Number of protein chains: 4
Amino acid sequence: MKTRDRIIHSALALFNEQGEPNVTTNHIAADLGISPGNLYYHFRNKEEIIHSIFDQYALDLSMGFQPEVPAESDEQRLLAYLDATFQLMWRYRFFYANLPDILSRDAELQNKYLEAQQALKANLFAMLSRFRETGWLDMDDEALQSLCSTLKLVASSWIFYQSAQSPQAKVTPVVIYQGVLQILKMVSPMTTDKGRAVVSGLIGHYREQMESTKAASDSA
Amino acid sequence: MKTRDRIIHSALALFNEQGEPNVTTNHIAADLGISPGNLYYHFRNKEEIIHSIFDQYALDLSMGFQPEVPAESDEQRLLAYLDATFQLMWRYRFFYANLPDILSRDAELQNKYLEAQQALKANLFAMLSRFRETGWLDMDDEALQSLCSTLKLVASSWIFYQSAQSPQAKVTPVVIYQGVLQILKMVSPMTTDKGRAVVSGLIGHYREQMESTKAASDSA
Amino acid sequence: MKTRDRIIHSALALFNEQGEPNVTTNHIAADLGISPGNLYYHFRNKEEIIHSIFDQYALDLSMGFQPEVPAESDEQRLLAYLDATFQLMWRYRFFYANLPDILSRDAELQNKYLEAQQALKANLFAMLSRFRETGWLDMDDEALQSLCSTLKLVASSWIFYQSAQSPQAKVTPVVIYQGVLQILKMVSPMTTDKGRAVVSGLIGHYREQMESTKAASDSA
Amino acid sequence: MKTRDRIIHSALALFNEQGEPNVTTNHIAADLGISPGNLYYHFRNKEEIIHSIFDQYALDLSMGFQPEVPAESDEQRLLAYLDATFQLMWRYRFFYANLPDILSRDAELQNKYLEAQQALKANLFAMLSRFRETGWLDMDDEALQSLCSTLKLVASSWIFYQSAQSPQAKVTPVVIYQGVLQILKMVSPMTTDKGRAVVSGLIGHYREQMESTKAASDSA
DNA sequence: CATGAATGAGAGTTCATTCAT
DNA sequence: AATGAATGAACTCTCATTCAT
């Protein structure tokens, strides 16, 4: 891995663990065993590192949600979608926990973020529409729009919200699974009988995932 | 107003405008035209100022949601509740925008916050239960619990979420009204016919409020 | 007691307990339950308080060592002398622990201190001379001079030295008694048979005192 | 000289001249013509500078008193010992003048200091024992122990005591020589005839040294 | 005599960033 | 590419002292 990428990698890890405001450029350099001067050879400033992390995030986002990717079934597609969403949230969780501050410093980043959000929204709407067509959801257009907004809000805020609720402010994968479950529960009331079966199946799946993760972390 | 209160007031205003991490104790003192020493005469440190702001927030919270306050009707009560919630969010918006960082620094504040959240949750649940009894909502217990969680999450995260979405990161009262509307739309699918009328009425009310606020700020 | 005297009293107590550099004028005022403004009504500044404490010390010094005070015997006189010396050291121990710093700040105090030291030296020399005449000591003039210097040095430095040696840096009355014993042991080799008996008697006396003090503080 | 060493050097000089509490980290940086940030690049805080000075002191101490170093004669060895002791006191005199305060702040330094003191005491006792075996001293075990304590006390306190006695609080090399002489005079009464000759010789030597130093500083 | 709010210089320290090598 | 010493503005906080009341 090139130094530039190693910096991005290390910065992301430290930001996630300790929060972006608590990680200095010197910390990052020390973590990598390189000099601060070298770090500044690869990046003009700390902001540029954050930018690069965001670019990577945006790339992951666009890769994970390509609708053209064929799936065995709509159910599979939904599963993949949820997985991708929350994996992304987990991988860039520092970002979600400090969004307002990070964006307010940097207008360019703000714009990039808004673009990504637009894409996300379009994506989400397309998926929900398809599920309605498939006969899983029973909603009118307005309700669909509204659900779409709410889901995006909940997904975007989940990490932020949970990291304030838990006493240790430690975000764990378990928290992520709870977020997926929360989303599914929100969709549940709008489902048809057919749709309800699908959603229930997914809820069962994620509960299992969560329990096995919990068990793994407890025994560790 | 006493200096101590002026400090809290000024700090709150600056925190809301510029974000807590970007406001130094010297900024606050300069804003008031007092010396830094004087600020530290009234508060041991910056954290204590934040604590005092939070105490005021907690007080406002408990005052705004006293169930014993008689209301003309359940509809009135709901209206008052929503108003209070979002006014509070508006008044202490810096807090909502920086929650994880602020709480991670200060275990005592974390506890105070969690207590306030418990109270809020109990409150919200009581209110929704009553509406179900009144025959406005048609939901089983589990769905009610779930709705309750979602509403709290959306309310708590609204400012955070919106301040990241809007290009200038400026949170305005209009944003607040959108939050109330969002909440009402989330409740809407669970209503009975009787309940739907009430919710529709409220939606209409807040749309008007929002429009008039928009008009006022545009002409300014 | 007048406020002025209460300030001196409280300042002395706090200085002794916590060390002069660690005691602020606000601490003193708070300890007395008066306002800082009031403290500065009675004293122009912190230095003046220290001056006043020193004046009281100098007074105690001159009172405790008046040669004209009749004593039953030379032995009694020596006992009284040693008691007075070490009581003084105990009462003003903060002073002994910070002498260089305190004096370097204040030329006037330095002069007062030197005067007091001269008087002390003259006093001590007179007493030792008398003991030689009485036939307790066997020394020539030069040795007497030298002993005199050493004794003064040891007495003056005892608190300073001990407070560095003990891990807790806490000066207790036991430390004081050890100082008296140290002094007596230094005189011992210069004594005649007659003198040795006197010194041995005193050593026994102070050992008892020390033990009873230790016992008292242990049971407390 | 490396910057780190220059900082230690400059700090020691300033501490000695003005007293440790009166020298700020900014003073040290300004004295060297470097930025405060640079000083903190080399040392985490002021305490660490003091620690480093102490480490250097401890090193000097252990180097100066290595018993395995062969000497032409016991007399030479004693001479070297006294020289080393008082040179050390001179070089680190700020330390001796502020001991209680400096140690009370820093438990680790306190321990290091006590260790150094133990070594010093053992050293001193070994040397006096050897002189007794050589037939220079005529004392029983208890008296030897007592003399040992007294000598250590006087040596450790000399700078402290003298810096309070001299009007300008200026400690000069002449003061150091007086300290050596004081020590020798304290040993003198315990000597045999043979020993007395040695001590007298040393006293003469140091008187000469002192006079020539005085002359040199007067003509300067 | 007394209050207590207010002052302001300056303390120790941090950190994003620069620069000579 | 990389080093690591160096910068300097800014931060939080302290405390002897003043002053209006």
Side-chain angles (χ1 to χ4, degrees), chain A residues 2-4 6-7 20-30 32-50 105, chain B residues 2-4 6-7 21-30 32-49 105, chain C residues 2-4 6-7 21-30 32-50 105, chain D residues 2-4 6-7 21-30 32-50 105:
Chain A
K2 303 255 174 179
T3 299
R4 199 189 142 87
R6 289 176 61 224
I7 292 171
E20 180 270 333
N22 305 316
V23 176
T24 73
T25 50
N26 278 353
H27 286 155
I28 301 169
L32 286 169
I34 67 171
S35 65
N38 194 10
L39 186 147
Y40 275 85
Y41 175 80
H42 291 283
F43 293 92
R44 241 187 337 204
N45 51 39
K46 195 184 179 184
E47 214 58 40
E48 203 177 287
I49 300 175
I50 295 173
R105 280 187 236 140
Chain B
K2 304 258 174 181
T3 300
R4 197 191 141 87
R6 289 175 60 223
I7 292 170
N22 306 315
V23 176
T24 74
T25 50
N26 278 359
H27 287 157
I28 301 169
L32 288 169
I34 67 173
S35 64
N38 195 10
L39 186 147
Y40 278 86
Y41 174 77
H42 292 284
F43 293 91
R44 251 206 312 263
N45 49 41
K46 194 184 177 184
E47 214 59 38
E48 200 177 289
I49 300 176
R105 274 187 245 138
Chain C
K2 303 256 173 177
T3 299
R4 198 190 142 87
R6 289 175 61 223
I7 292 171
N22 305 317
V23 175
T24 73
T25 50
N26 277 354
H27 286 156
I28 300 169
L32 286 169
I34 68 172
S35 64
N38 194 8
L39 186 147
Y40 275 84
Y41 174 80
H42 291 285
F43 293 91
R44 242 187 333 200
N45 50 40
K46 194 184 179 184
E47 213 58 40
E48 202 177 285
I49 300 176
I50 295 173
R105 279 187 237 141
Chain D
K2 303 259 172 180
T3 299
R4 197 190 142 89
R6 289 175 61 223
I7 292 171
N22 305 314
V23 176
T24 74
T25 50
N26 279 358
H27 286 157
I28 301 169
L32 288 168
I34 66 173
S35 64
N38 195 9
L39 187 146
Y40 278 87
Y41 174 77
H42 292 283
F43 293 92
R44 250 206 312 262
N45 50 40
K46 193 184 177 185
E47 213 60 37
E48 199 176 290
I49 301 176
I50 296 174
R105 274 187 244 139

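Numbered from 1 within each chain, the chains take letters A, B, ... in sequence-line order. Keep in mind it's a predicted model, so treat the numbers as computed, not measured.
Nucleic acid contact for B:H27: sugar-phosphate only, since backbone atoms but no base atoms lie under 4.0 Å from a heavy atom of the residue. Residue contacts shown for C:N45 are limited to sugar-phosphate atoms, with no base heavy atom under 4.0 Å away. Within the nucleic acid shown, C:T25 comes within 4.0 Å of at least one base atom, counting heavy atoms only.
The CD atom of A:E20 sits 4.0 Å away from atom NZ of A:K46, with the distance rounded to the nearest 0.5 Å. For the atom pair CD1 of C:I49 and CZ of C:R4, the computed distance is 9.0 Å after rounding to the nearest 0.5 Å. To the nearest 0.5 Å, the span separating CD on B:E47 from OG1 on B:T25 amounts to 12.0 Å. Rounded to the nearest 0.5 angstrom, D:Y41 OH and A:N26 CG are separated by 8.5 Å.
Rounded to whole angstrom, the span from the CG atom of C:N38 across to the P atom of F:dT21 amounts to 19 Å. Per the geometry, CZ belonging to C:F43 stands 18 Å off C1' belonging to F:dT18, to the nearest Å. As a whole-Å value, the separation of D:L39 CG from F:dG8 P is 15 Å. One interatomic measurement links the two molecules: NZ of B:K2 to P of E:dA6, which rounds to 10 Å at whole-angstrom precision. To the nearest angstrom, C1' of F:dT14 lies 10 Å from OH of B:Y40. Atom CG of D:L32 is separated from atom C1' of F:dA5 by 14 Å (rounded to the nearest Å). When rounded to the nearest whole Å, the span between CG of C:N22 and C1' of F:dT14 equals 13 Å. With rounding to whole Å, C:H42 atom NE2 is found 8 Å from E:dA2 atom C1'.
In terms of position on DNA chain E, the residue among A:P21 and B:G37 whose nearest nucleotide sits closer to the 5' end is B:G37. Take the nearest nucleotide of DNA chain F for A:Y41 and for C:E47: the residue whose nucleotide is more 5' is A:Y41. Mapping C:N26 and D:I34 onto DNA chain F by nearest heavy atom places D:I34 at the nucleotide closer to the 5' end. Nearer to the 5' terminus of DNA chain E, by closest-nucleotide assignment, is the contact made by D:P36 (compared with the other of D:P36 and A:K46).
Taking a pair to require two hydrogen-bonding distances under 3.5 Å in either a Watson-Crick or a G-U wobble arrangement, E:dT21 pairs with F:dA2.
For E:dC1, neither phosphate oxygen OP1 nor OP2 lies less than 4.0 angstrom from any side-chain nitrogen or oxygen of C:T3.
Applying side-chain contact (heavy atoms from CB on, under 4.5 Å) to A:L39 and the options A:L32, A:T3, A:I28 leaves one that passes, A:I28.
Of the candidate nucleotides F:dT7, E:dT3, F:dT3, F:dT7 has the atom nearest to the side chain of D:S35. Here E:dA16 is the nucleotide among F:dA5, E:dA16, F:dA16 with the atom lying nearest to any side-chain atom of A:T24.
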